[in-house]
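Heavy atoms only: backbone and side chains are in, while hydrogens, waters and symmetry mates are out. Both counts, for ligands and for their atoms, begin at 1 and track the order of listing.
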Amino acid sequence: MAERFNLDDAIRKVPDFPKKGILFYDITSVLTDPDAFRYCVDSMVKLYKGERLDAVAAIESRGFLFAAPLCDRLGLPLILVRKKGKLPGKTRSKKYALEYGEAEIEIHEADIPAGGRVLIIDDLIATGGTVKAAADILVEGGATPIGVFSVIGLPFLQYEKALAGLPVKTLIEYFGE
Ligand code: AMP
C-alpha cells in the first residue's frame with residue numbers, strides 16, 4: 001500500500017453527533033473500505049514492529065477493531081478495556097470524563113501483565129481521558145503503558161497534556177470541529 005494513501009477520504013464526518021456541536025469522525029467507513037483498513041493495519045505494523053511490547057490494551061469498542069489485527073500480525077496478547085459491567089472476571093476499574101459525558105472502564109485484573117510493557121489502542125483520541133484512565137488501571141495493576149496508538153488524533157483537545165509524556169502516534173490529525 002502506498003505511503004500517501006488518503007485516509008481522510010475514507011473517514012466519514014458526521015456533524016452534531018452524538019450531540020450538537022460535536023463533529024464525529026466515523027471509522028465505520030474505513031472498515032467498509034478494505035484498502036483503507038489494510039492501510040491502517042499495515043501502518044500500525046510498521047510503527048510498532050521493532051518496539052519492545054508485551055501486550056496491547058484495546059479500548060471498547062472501536063479500538064478492538066484495530067488492535068486485534070495488530071496483535072495477530074505481531075503475535076501479541078490482546079487485553080480488552082471494556083465499559084463497566086461487561087467483563088465477567090475480577091476487574092480493576094476507573095471513572096473518567098469524556099469529551100461528551102462521563103464513563104467508567106475496566107480491565108480483567110488477571111490480564112494485566114505485571115512488569116509488562118503495554119501499548120494502548122483506540123480509534124480516536126480527543127481529550128485523552130479514556131486512554132489516561134486505561135493507563136492508570138494498567139499502572140495500578142503493575143504494568144507499564146509505553147505509548148498510545150490512535151488512528152485519528154484531535155490535538156486541539158490537548159490529549160498530550162492529559163497523558164503527561166506518554167507518546168502518542170496517530171495516522172491522521174484534525175484541527176477543528
Ligand atoms: P477522549 O477520552 O476524550 O480522548 O475520547 C475518546 C473516545 O471517545 C474514543 O473512544 C472515541 O472513539 C470517542 N470520541 C470522542 N470524540 C470523538 C469524535 N469527535 N469523533 C468520534 N469519536 C469520538
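Ring centroid separation for the pair F149 and F66 does not come in under the 6.0 Å cut-off.
Under the 30°/60° scheme for interplanar angles, the aromatic rings of F5 and Y39 are found to lie parallel.
On a distance-only criterion, L154 and ligand 1 share no N/O pair closer than 3.5 Å. Taking any N or O of I22, backbone or side chain, none lies under 3.5 Å from an N or O belonging to ligand 1. At a 3.5 angstrom cut-off on N or O pairs, L23 counts as close to ligand 1.
Using a 4.0 Å cut-off between heavy atoms, D122 contacts ligand 1 through its side chain alone, with no backbone atom that close. With a heavy-atom cut-off of 4.0 Å, T130 touches ligand 1 through backbone and side chain alike.
Counting the atoms of ligand 1 from 1 in the order shown, those under 4.0 Å from a heavy atom of R62 are 11 (C), 12 (O), 13 (C), 22 (N).
Every heavy atom of I59 sits 4.0 Å or more from the atoms of ligand 1. Residue contacts with ligand 1 leave out Y159, since none of its heavy atoms falls under 4.0 Å from the ligand.
Comment: D42 does not engage K46 in a salt bridge, judged by the lack of any side-chain N to carboxylate O separation of less than 4.0 angstrom. Taking a cutoff of 4.0 Å between a charged side-chain nitrogen and a carboxylate oxygen, E140 and K94 qualify as a salt bridge. The existence of a salt bridge linking K13 and D8 is confirmed by a sub-4.0 Å separation between a basic side-chain nitrogen and an acidic carboxylate oxygen.
For the pair A10 and D33, the tightest heavy-atom approach, listed with the atom from each and the gap, is CB-OD2, 4.1 Å.
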